[in-house]
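The residues of the chain are indexed from 1 along the displayed sequence.
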Amino acid sequence: MRDKVEAVEVKCPKCGITLIIYIPQEEIPLCPECHVRMVIKELLDEGKSY
């Protein structure tokens, strides 16, 4: 069972707006501008290096 809450950056494939949501608490939302289902852009983990 996945109890760990993770921050995820989601992006609209049509207009490019990004939001940060927490899964599994929240579902992947519809874009507030285009009303298109947003897609996961990046998992936001702490301690990441480039």
Shortest non-hydrogen pair, Val36 vs Pro13, comes out as CG1-CG, 4.2 Å

Least distance between heavy atoms, Cys12 atom then Met38 atom: N-CE, 3.6 Å

[X]: what forms a side chain to side chain contact (heavy atoms under 4.5 Å, CB included) with it, not counting sequence neighbours?
X: Glu27; result: none
X: Glu9; result: Thr18, Lys41, Glu42, Leu44
X: Leu30; result: Arg37
X: Val8; result: Val10, Ile21, Ile23, Ile40, Leu43

Using the rule that two of Ile, Leu, Val, Met, Phe, Trp, Tyr join whenever any of their side-chain heavy atoms come within less than 4.5 Å, decide whether Ile28 and Leu19 are in one cluster. yes

